[in-house]
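The structure appears right after this line, and notes come after that.
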Amino acid sequence: AVQVSHENELSEAIENGADSLTIDIGASADAVHLIGRARSLSEKLSIECCGAITIDSARELAEAGADRLSIGALTVSRPPATVSFSIHPF
């Protein structure tokens with residue numbers, strides 16, 4: 001995937017054959033516009049949005065055509081947890 005945050009980056013990535021984009025909505029003033037622009041250039045393109053995604057913006061981004069939403073707050077801003085695994089042979 002090619003990460004973009006501006007329309008000129010998006011256009012350049014698609015023109016050069018990118019088949020998957022990650023749109024950083026934290027750096028973009030209008031992610032919905034970028035999703036629409038990407039879809040107009042390539043319907044087959046896989047689009048992921050990351051960055052400042054909130055509960056309120058998630059639906060809007062999905063309805064605009066994002067295939068995936070990467071919500072870092074689920075992992076980055078949570079307190080750490082202790083996790084352990086025991087692997088036993090069959």
Side-chain angles (χ1 to χ4, degrees):
V2 177
Q3 186 164 337
V4 300
S5 55
H6 302 287
E7 189 167 349
N8 60 333
E9 296 171 339
L10 181 146
S11 298
E12 182 180 352
I14 294 172
E15 289 168 7
N16 286 290
D19 59 359
S20 178
L21 291 180
T22 300
I23 298 174
D24 181 355
I25 69 162
S28 171
D30 192 1
V32 171
H33 170 74
L34 290 179
I35 294 168
R37 178 70 177 139
R39 286 281 175 237
S40 73
L41 295 172
S42 174
E43 291 182 17
K44 296 185 233 177
L45 190 65
S46 175
I47 300 173
E48 175 179 0
C49 290
C50 69
I53 297 174
T54 64
I55 290 293
D56 296 327
S57 66
R59 178 180 294 276
E60 182 180 22
L61 295 167
E63 289 176 348
D67 298 303
R68 291 177 311 283
L69 303 176
S70 178
I71 303 172
L74 292 174
T75 55
V76 174
S77 62
R78 299 292 165 232
T82 301
V83 178
S84 66
F85 295 94
S86 295
I87 300 174
H88 300 280
F90 290 106

Are Thr22 and Ser70 close enough, and set up right, to give a side chain to side chain contact (heavy atoms under 4.5 Å, CB included), and what steps lead you there?
CA-CA 9 Å; Thr22 300; Ser70 178; over 6 Å; no

Closest non-hydrogen atom pair, Leu69 against Ala66:
CD2-CB, 4.0 Å

Measure across Ser42 and Ile14 and return the closest heavy-atom pair with its distance rounded to 0.1 Å.
CB-CG2, 4.4 Å

Taking Glu48's backbone N and O only, do any of them form a donor-acceptor pair with Asp67's side chain (distance below 3.5 Å, no angle check)?
no

Assess, by modelled atom type and distance only, whether the side chains of Glu15 and Ser11 contain a donor and an acceptor separated by less than 3.5 Å.
no

Which atoms form the tightest heavy-atom contact between Leu34 and Ser5, and what is the distance?
CD1-O, 3.8 Å

Side chain to side chain contact (heavy atoms under 4.5 Å, CB included) with Glu9: which of Val2, Val4, Leu21?
Val4

Could you please spell out the steps behind the side chain to side chain contact (heavy atoms under 4.5 Å, CB included) verdict for Leu41 and Leu10?
CA-CA 10 Å; Leu41 295 172; Leu10 181 146; 3.9 Å; yes

Within a 6.0 Å radius of atom CD on Glu12, are there more than 12 heavy atoms belonging to other residues, nucleotides or ligands?
no

What heavy-atom pair brings Ile25 and Ala31 nearest, and what distance separates the two atoms?
CG2-CB, 3.2 Å

Over all atoms of both residues, closest heavy-atom pair of Ile53 and Ile71:
CG2-CG1, 4.0 Å

Rounded to the nearest 0.5 Å, what separation is found between the CZ atom of Arg68 and the OG atom of Ser20?
5.0 Å

Can you check whether Gly65's main-chain N or O pairs, donor with acceptor, with Arg39's side chain at less than 3.5 Å?
yes

